[in-house]
Amino acid sequence: MVYVRQDIWALEQQQPWHPITMAYAQAVGALQQRSIANAGDPTGWTYQAAIHGTPTTPAQPGWNQCQHGGWFFLPWHRMYVYRIEAILRVEVLKNGGPHDWALPYWNYDSGGSTNYLPLPFREEALPDGSPNPLYVLQRASGYNAGTRALPRPAVTSPANALAMPTFTPPLFPGFGGGQSTFQHFWNATGGLEQTPHNDVHVQLGGATGWMGNPDFAALDPIFWLHHANIDRLWTVWRAKSANVNPTQNAWLQQQFDLFDTSGAPARTQVKDVLDTVVQLDYRYDDQVPLPPAKLAERGGGDAMAEGVQPAPEMIGASTEQISLSGKPHSVAVAIEQGAHTESLAPEAASPRRLFLSVEHLDADSTPGVVYGVYVEAPGHEPLHVGNVSLFGIHKIRASRAPGGDVHDQRLTYDVTDAVRAFGIDGLAGSSLTVTFAPIEGDAPEAAAEAVSAPPIRIGRVSLFTA
Amino acid sequence: MLAIGGLRQRSTIRVWRDAAVGLRQSPVAMVFGLVAASWAGLILLAAGPADVAVPGPFDAGALLARTLTVGAMMLLIALPAAEHVSRESLRRRRRAAVSLFLVAFVAVWVGCLTVVEVALDGLLPSSPIAQTAAIAITCVAAAIWQMSPQRAMLSSRCARASILPPTGSRAAVGDLRFGFRSGLGCFGSCWAVMLVMALMPGSHLVIAAILTGALTADRLVIRVRRRPGVIAVGLVGLGIATLASASSPTTTGFIAWICSIPGR
């Protein structure tokens, strides 16, 4: 049987407290009770959440395993959501819930009021008056009250990520993240992981809420619907015929250990979770059939896809370190006089692309603020090229490099199209202005929270061609 | 079709040309050249007259030997950081940036090794048996350090990038600062292994080569979780071999041969 994951807002529009939502709430409640009875039960709610992350010591088997900032982000979270969905389904069936129950997803980018937290997660009590297991207090202000929505499209839109043609390009992170080893948190965050994934976490959790901290995020029942949506967006990206997953064995054969419905260890390789329908018996309500697997074939003179990669070349960088404290902040990036910017033109013999790198990102603790990144050339309107948010900054600071890799925490954005829109002529010797501005949406409390949040420090902003 | 083929051919040529330019710009050639020159210098020193007086720790000859030892043993470890500096610098000042980084990196090591040698001059026992025991104990201590979380933390710090301003005197200061921090982190991580070498009697080109291989593999080649264990086992093995050399004529001969190859 192929289970169908449906959009929570569509379900709730059919019927408030749709049976699938109600079954989820009851199953979550059962898992929470299981953890209260036996904290060491791997199928309990808190144990499952600790698999993602926990500050509790000593760590139990399987804890603190989530993969962020690299190319295992998507497959690891697919396995994770799949495993808890199976555990929850056992409870749903035990409670007499829908026999075809599947975890819903939350598509916050589908218009209307879908960027508000779904109603069943905001209500303190179930329709029968008992406590609602889906309700948690530890969220940023305004979301439970229904007065605050995820800023759309700046935070909710996956458009930038879905437009990325490569899962893991050789030089920069791409759609799915850069190459990494088994890393709890690393610095090669992919397009989808950053926006909407990281941004939604940070917005919903704020500086102190659960969703903003990977050590607590999976305790909030909305976490699983958020990740089901991220998983859905991977299927959307993959459904485009030209988009292919990595084919390297280092990715395909990486294995991760989770737990099955009985609480027994279950080991799965990445290659076993690439087709949700055939391998995992589920699909999304908007999922189109997967095209035949293809090897990466780009052509079109795209130097990124050639066998020998040109070395990335820095053509300009900011000279001052900056600190973001809830207000817009601009920095000039002077472009070297002799930089070969003509190779950025699409008609160049071997066109290069231009990347903006925001480097040496740091903060003392999680700033519950998402900053938009805007690039501007003299005489042109600023263009939004991506976001900065530091989900799990305390984990990132503790990360260690595999081998002797030199690293810092950085986010990279492909700004080729923006710069082409400004015009390539005269780029060398000029400068671009990069502005970081908090994305506050319409919520009145957001601006105050942004100002009081721990500042984000940025060591350098640079431009690379590759 | 012909036109498309021509375009593709031009594109391929461009890509290879870019790659060739990239290699010239890369610090790999510079670092390997310096490593080769350092080894050549060490061998030349070793081939020099053996009956000259042992130099003091601050003599020019001793400083030169120490600089060559650092160049031979430690520069390969600094290669990822040097590549980082090159990649993060504007094309026109890449060579200068990498040079400044390497100067600071080597200076930190030479300074630290000088301190170690001064300390050892006062502490080393004079009897051969006590020296053998000191080497064996240091090998075991180095193996324990190799497995310690403190060493892992310092090793991680060694690989942590620092901000590199793009132009002007601030850029030069940034390159020097990164070299200093990187060198200090690497010394903190590798000091125990280097101490083993410093304790070896006489000169030790072969042991230097073995330790260089181990340290380089540790940082750059072996990317498995057990890699500190591999080095630690090797160090314990070296300690046992040193102890055995005190009792077995064959091992004594081997160790004596290794140690008799002059090197500093």
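Sequence lines set the chain letters: A, B, ... in the order given, protein chains first and strands last, and positions in each chain run from 1. Source: prediction; values computed, not measured.
The minimum heavy-atom distance linking B:Arg87 with A:Pro312 is given by the pair CD-CG, 4.0 Å. The two residues A:Thr319 and B:Pro166 have their closest heavy-atom pair at CG2-CG, 4.0 Å.
Atoms CG and OG, from B:Leu90 and A:Ser462 in turn, are 9.5 Å apart once rounded to the nearest 0.5 Å.
Looking at A:Ser357, neither its backbone nor its side chain comes within 4.5 Å of chain B, counting heavy atoms on both sides. Interface remark: B:Arg170 contributes side-chain atoms only to the contact with chain A (heavy atom separation under 4.5 Å). No part of B:Ser182 comes within reach of chain A, as not one of its non-hydrogen atoms sits under 4.5 angstrom from that chain. With a threshold of 4.5 angstrom between heavy atoms, B:Glu88 approaches chain A through its backbone and through its side chain.
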**OP:** Test A:Glu359 against B:Ile163 for side chain to side chain contact (heavy atoms under 4.5 Å, CB included), laying out the working first.
**Re:** CA-CA 8 Å; A:Glu359 302 164 4; B:Ile163 300 164; over 6 Å; no

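The stretch residues 427-436 of chain A places none of its residues near chain B, where near means some heavy atom under 4.5 Å from a heavy atom of that chain.
Remark: the backbone N or O of B:Leu164 is paired with a side-chain donor or acceptor of A:Arg460 at under 3.5 angstrom.
Within a 6.0 Å radius of CZ in A:Arg410, other residues, nucleotides and ligands contribute more than 12 heavy atoms.
Between B:Arg91 and A:Glu313 there is a salt bridge, with a side-chain nitrogen of the basic residue lying less than 4.0 Å from a carboxylate oxygen of the acidic one.
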